[in-house]
Protein chains: 2
Amino acid sequence: MEMKDLKGTTKILKAAADEGRLRMLMLLHCRPGVCVCEIKKVIGLSQPTISSHLRLLESAGLVESQKEGLWVNYRLAQDMDQEAKTIIGLLHARLKEDPQIKEDLKKIQKTDRHAICKR
Amino acid sequence: MEMKDLKGTTKILKAAADEGRLRMLMLLHCRPGVCVCEIKKVIGLSQPTISSHLRLLESAGLVESQKEGLWVNYRLAQDMDQEAKTIIGLLHARLKEDPQIKEDLKKIQKTDRHAICKR
DNA sequence: CTTATATATTTAGATATGTCAATATAGTTT
DNA sequence: AAACTATATTGACATATCTAAATATATAAG
């Protein structure tokens with residue numbers, strides 16, 4: 001899908017325009033390669049909801065994934081277009097002092113995926 | 001409302017994340033001070049829908065208005081924070097070649113509000 | 001003051017979105 | 001292969017969003 005036109009740009013904005021997904025984007029920006037388990041642990045939504053958000057972000061071209069055994073590691077899409085990258089950078093600059101975002105980033109640092117999973 | 005935190009930023013993104021409102025933002029970016037009539041003429045949605053979108057954009061701090069007789073003129077909010085301004089600039093750079101946006105801007109240039117109104 | 005006009009608000013209905021429980025799938029371990 | 005685990009998908013439901021018709025409000029003009 002062409003993302004540079006009106007519809008595609010709207011899709012990108014919609015993808016970012018949700019509190020949970022925005023938190024996830026900030027998480028992936030600061031911690032590339034986290035798995036669904038870890039994201040779930042930090043964000044606190046159900047696993048299906050996390051997966052569904054990730055799928056939406058992926059279909060907007062903001063996120064990509066790679067399998068690693070049972071885990072699926074997510075990161076910001078490397079081939080994201082420049083404006084989208086810039087916007088995510090701006091959002092991070094804007095939100096890095098937000099209490100919720102700070103808490104999320106603190107949590108992810110303390111997180112060991114081997115300890116977290118099996119649940 | 002504080003717009004720099006997570007909730008406020010989400011609100012701004014939601015405001016921009018609609019095809020009609022994004023077109024309206026681009027219109028206001030290029031043509032500050034257009035009235036509801038003119039916006040309606042260009043975008044092609046009903047007057048209540050246009051008004052409702054404008055209210056939402058205003059409540060997100062992206063747009064401001066000034067009365068002029070019967071007309072209400074809208075423009076991008078002068079006191080918008082820097083990141084929001086930057087994002088709108090990026091969106092314009094991205095969308096200025098989009099056919100729909102080009103058509104909108106062409107239409108607004110040909111538009112005379114005195115001719116348009118009375119309907 | 002009555003009529004007309006531009007915009008806002010209310011109301012209602014259709015569609016989209018966010019969420020989770022249940023289930024399916026795919027890979028790992030024993 | 002059987003049991004287990006991480007993730008994806010499906011189904012269902014509640015809420016939010018988009019839209020326009022009808023109505024209200026505010027200003028202007030006659």
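Each chain gets a letter, A, B and so on, in the order its sequence line appears, and its residues count up from 1.
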Extract all donor-acceptor atom pairs below 3.5 Å that involve side chains of residues 102-109 of chain B and protein atoms in other chains or at least two apart in sequence.
from     : atom 1 : to       : atom 2 : distance (Å)
B/Asp104 : OD1    : B/Arg23  : NH2    : 3.1
B/Asp104 : OD1    : B/Gln100 : NE2    : 3.1
B/Asp104 : OD2    : B/Arg23  : NE     : 2.8

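At a threshold of 4.5 Å between side-chain heavy atoms, the hydrophobic network of Ile, Leu, Val, Met, Phe, Trp and Tyr places A/Leu22 and A/Leu56 in two separate groups. Following chains of ILVMFWY side-chain contacts shorter than 4.5 Å, one cannot reach A/Leu28 starting from A/Trp71, and the two form parts of different hydrophobic clusters.
A distance of 12.0 Å separates CG of A/Asp98 from CG of A/Leu91, quoted to the nearest 0.5 Å. A distance of 6.0 Å separates CD in A/Gln66 from CZ in A/Arg75, rounded to the nearest 0.5 Å.
Per the geometry, CD belonging to B/Glu38 stands 14 Å off C1' belonging to C/dT7, to the nearest Å. Between the CG atom of B/Leu57 and the C1' atom of C/dA8 there is a distance of 15 Å, rounded to whole Å. Distance, A/Gln66 CD to C/dG27 P: 14 Å, rounded to whole Å. Atom pair A/His114:NE2 and C/dT29:P shows a separation of 10 Å (rounding to whole Å applied). One can place CG of A/Leu13 at 19 Å from P of C/dA16, the figure rounded to the nearest angstrom. Rounded to a whole Å, the NZ atom of B/Lys11 is 14 Å from the P atom of D/dA16. Across the protein-nucleic acid pair, A/Lys7 atom NZ and C/dA16 atom P stand 13 Å apart, rounded to whole Å.
Distances from the side chain of A/Trp71 to the nucleotides D/dT7, C/dG18, D/dA26 place D/dT7 closest. When each of C/dA26, C/dG18, C/dA6 is scored by its nearest atom to the side-chain atoms of B/Leu70, the top-ranked nucleotide is C/dA6.
Between B/His53 and the phosphate of D/dT17, there is no side-chain N or O to OP1/OP2 separation shorter than 4.0 Å. At the phosphate of D/dT17, neither OP1 nor OP2 sits under 4.0 Å from any side-chain N or O atom of B/Arg21. Look at B/Lys67 and you'll find a side-chain N or O under 4.0 angstrom from OP1 or OP2 of D/dT27.
Between B/His29 and B/His92, the ring planes are tilted. Angles from 30° to 60° get that label.
In this structure B/Glu19 satisfies the salt bridge (charged side-chain N to carboxylate O under 4.0 Å, His left out) test together with A/Lys7, sequence neighbours excluded.
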Do any N or O atoms of the protein come closer than 3.5 Å to N or O atoms of nucleotides 8-10 of chain D, and which pairs are they?
from  : atom 1 : to      : atom 2 : distance (Å)
D/dA8 : OP1    : A/Tyr74 : OH     : 2.6
D/dA8 : OP2    : A/Ser51 : OG     : 2.6
D/dA8 : N7     : A/Gln47 : NE2    : 2.6
D/dA8 : N6     : A/Gln47 : OE1    : 3.1

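For the pair A/Lys14 and A/Leu45, both in contact range of DNA chain C, the more 5′-proximal nearest nucleotide belongs to A/Lys14.
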